[in-house]
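Below: the structure, in structure tokens.
Each chain gets a letter, A, B and so on, in the order the sequences are listed, and its residues count up from 1.
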Amino acid sequence: MIAHAETVPSGRNPLVKFILRWLLTTNHKEIGTLYLSLSFLLFFIGGAMALTFRAELAQPGLQLMGADFYNQMVTLHGLVMVFGAVMPAFVGLANWMIPLQIGASDMALPRLNNFSFWIMPFAFGLLLSSLFMPGGAPNFGWTFYAPLSTTYGPPSTDFMILGIHMMGISSILGAINIIVTIFNLRAPGMTLMKMPMFVWTWLITAFLLIMAMPVLAGVVTMMLTDRHFGTSFFEASGGGDPLIFQHVFWFFGHPEVYIMILPGFGIASEIIPVFARKRIFGYTSMVWATGSIAILSFVVWGHHMFATGMPLATELWFMYATMVIAIPTGVKVFNWVATMWGGSMTFETPMLFALGFVVMFTIGGLSGLMLAIAPVDFQYHDTFFVVAHIHYVLYPGAIFATMAAVYYWIPKWTGNMYDERLGKIHFWTAVIALNLTFFPMHFVGLAGMPRRIADYALPFTGLNTFATAGAFLLGLTQLLFLYIVIKTVRGGPKATDQVWEGAKGLEWTVPSPAPLHTFEVPPKVD
Amino acid sequence: MKDKYNPKIKQAAILGVVPIVMFGFAFGLVPLYEVFCELTGFGGGRFEQTVMVSDAPNVPIISEAIDREVNIQFLADVGRGLPWEFRPTETQIRVKVGEVSETTYYARNFSNHSVTGQAVPSVTPAYGAASLQKVECFCFTEQRLEAGEEIEMPVLFYVDADLPDDVGTLTLSYSMFPIQVDEMSHEMANMEHL
Ligand code: HEM
Ligand SMILES: [Cu+2]
């Protein structure tokens, strides 16, 4: 993409040169590309795992695999998608776009940036290697509850723990880098309240990361010492309590779900105004809403634990606090709709994905509100209804937002326009396939089909077969996406510098494709 | 070089304190949780019972029997690594509030060596737990069973009149955990096998 290699001495074998260049690069654009590529790869690996267990669920009974392997697939799918696909994709976008959007020549700490990235392949190498170990891969769900993951976890659990430690370090360093970049390297005149929404949402996400990821590191450390060093954090016979695991995990876990969506909010807030040809409605309220969501996200973790027998007062607190989060979330949805109101809209692929995001993320928010009602959560908890909820907030949420961002910015990255016709086909097939896959899960969940179990009762057959068919179609549409991306990287109609008619902002003032070094002289913002 | 000092590095270092503090906070959640349990009775009211252990010898003054009955259910769990059978002899009884009742738990050591166990009680619902008062309980002491030995262990308890009105059933559950396997007899048992 970018033919430039200043860090590598000349006169070596081209393959060595190629490897060294990517291994040693400190350029934010190249590191962004690395993150996005890794995320894309892991997205396909995680997707293949999902298709594996969906194939098993096509019919009741066990046809293709045993329950244990099914559980391993479910566990790795969750871990790979959360930590390997969604998070690195957002970090990749941050690397590429934050310096371009604030008029900085690079990230503030470029070498740290390189280090943060290169931890990731090793972390996921460790995690995935557990598949080939005696006793199999971790098999207790992506939330790795104790004592399943401590007393009863397979030996490979230790590799998962180490992998999580490593990717946690990577995320924390990456987040620190992003915060320092935003605080120090903004172009003269770009005050905080003039920053693009994507930068704002990432700034807040970065603070969530440095506060939440260490708690995850803490909980896996406790697991490790419980497993091997005789502590009893989660072991009742030693005076511990397995419920403590859930409290510590979800203290991390709920902020984590916002880590996976706030940058998506930012992306939608970038794209919708451009294709509605209006300024974003309520910029200030957007910033405040994002900030309050982030703060509130630390006091609602108990909504994952309604069914653990908490005291009534605690149930009430977590129920109402959770519902309060729906208010700033609602403010955002309102602002997006108000931005479109009366605008002259066009529906290029990035806009389609952004609109899909708004509509279907809202469906996920509504099922979230249902789950937040403590007394009914006793029925919904640990059923496919929760699976439906998380996939509506994460697939058309986090994943669609990432895809919208890729379509939106890829002309700037490559200098080429993507194939608009194929992009639209990708969008519509993905929308149909994902609703085929995940909508039926609401129904089987309400009817009581538990999650994370390889077999199910006969009456659920029809809807499950349906969901499996949808899942395979959804997998296919992502191959189309891969094709579109490769095709765009390799050529296509030349993009202008501004690319989109309504696009404003510093990233559109640099040439397309963006040269390796931009804003060596800071631009002036007024 | 000294005056070319970099504010970005300093800021990164300051930010680096946050993850360190939060890492510590994760561990801090553990004692915080215990305090929380103590205050609310969450976790099955285990903490009230610790008080009872010390009170056990001086049988408490029993509140006057009132005309109210509740169900008491009994559960048992065996901790990992304890080669015992352990169960209540009756699963549910109906008792008068304020009256002392008795039930028993059955335990048998099916291993070929002596084993000591300690039962940890837990009462649900948590907000009624404090009203279930144990007068005498095998959980007050460790239980040592010789190889193959079986016993019935009594629990004497009463339900205090301050039991919240909407509680109709209290569940008393014991988890029996191994304390230590007697090394000597363990080895001797192994030798017998030779
Ligand atoms: C209006 C906003 C939301 C509300 C009220 C809400 C509420 C809830 C509740 C109550 C649960 C627990 C259900 C149970 O286990 O019984 C839950 C689970 C979950 N939510 Fe949300 N949620 C919201 C938004 C989100 C967003 C934005 C994301 C991620 C982008 C998300 C991701 C998840 C995940 C991953 C789980 C499942 C965790 C597991 O595997 O057990 N939620 N949500
Ligand atoms: Cu949550």
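The residue among A/A313, A/P214, A/A217 with the most heavy atom pairs within less than 4.5 Å of chain B is A/P214. Taking chain B as the reference chain and counting heavy-atom pairs below 4.5 Å, the highest number among A/L112, A/T151, A/I172, A/L216 is found for A/T151. Top candidate by heavy-atom pairs under 4.5 Å with chain A, chosen from B/I9, B/V18, B/I20, is B/V18. Residue with the most contacts toward chain B among A/I210, A/N177, A/L312: A/I210 (heavy-atom pairs, distance under 4.5 Å).
Both the backbone and the side chain of B/L15 come within contact range of chain A, with heavy atoms under 4.5 Å apart. Proximity to chain A (any heavy atom under 4.5 Å) is shown, for B/F27, by both the backbone and the side chain. Only the side chain of A/Y152 comes within less than 4.5 Å of a heavy atom of chain B; its backbone N, CA, C and O stay farther away. Heavy atoms closer than 4.5 Å to chain B are found in the side chain of A/F207, but not in its backbone.
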(Q) As a quick check of understanding, evaluate side chain to side chain contact (heavy atoms under 4.5 Å, CB included) for A/M211 and B/V21, giving each step before the final call. (A) CA-CA 9 Å; A/M211 293 182 66; B/V21 169; over 6 Å; no
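Take A/W142 and apply the ring pair (Phe, Tyr, Trp, His ring centres under 6.0 Å) test, not counting sequence neighbours, and it matches A/F249.
The side-chain heavy atoms of A/V215 and B/F23, taken from C-beta on, include no pair separated by under 4.5 Å. Between B/Y33 and A/V248, every side-chain heavy-atom pair lies at or beyond the 4.5 Å cut-off. Side-chain contact between B/M22 and A/F251 is present, with at least one heavy-atom pair separated by less than 4.5 Å.
Taking a 6.0 Å sphere around CZ of A/F115, one finds it holds 12 or fewer heavy atoms contributed by other residues, nucleotides or ligands. When the shell of 6.0 Å around CH2 of A/W317 is examined, it contains 12 or fewer heavy atoms from other residues, nucleotides or ligands. Heavy atoms of other residues, nucleotides or ligands lying less than 6.0 angstrom from CZ of B/F110 number more than 12.
When all heavy atoms of A/L185 and B/K8 are compared, the pair lying nearest together is CD2-CD, 4.4 Å. Annotation for A/M222 and B/A26: closest pair CE-O, 3.3 Å, computed over non-hydrogen atoms. Minimum interatomic distance between B/A12 and A/L109 (heavy atoms only, all atoms of both residues): CB-CD1, 3.8 Å.
Interatomic distance, B/L32 CG to A/I244 CD1, rounded to the nearest 0.5 Å: 10.5 Å.
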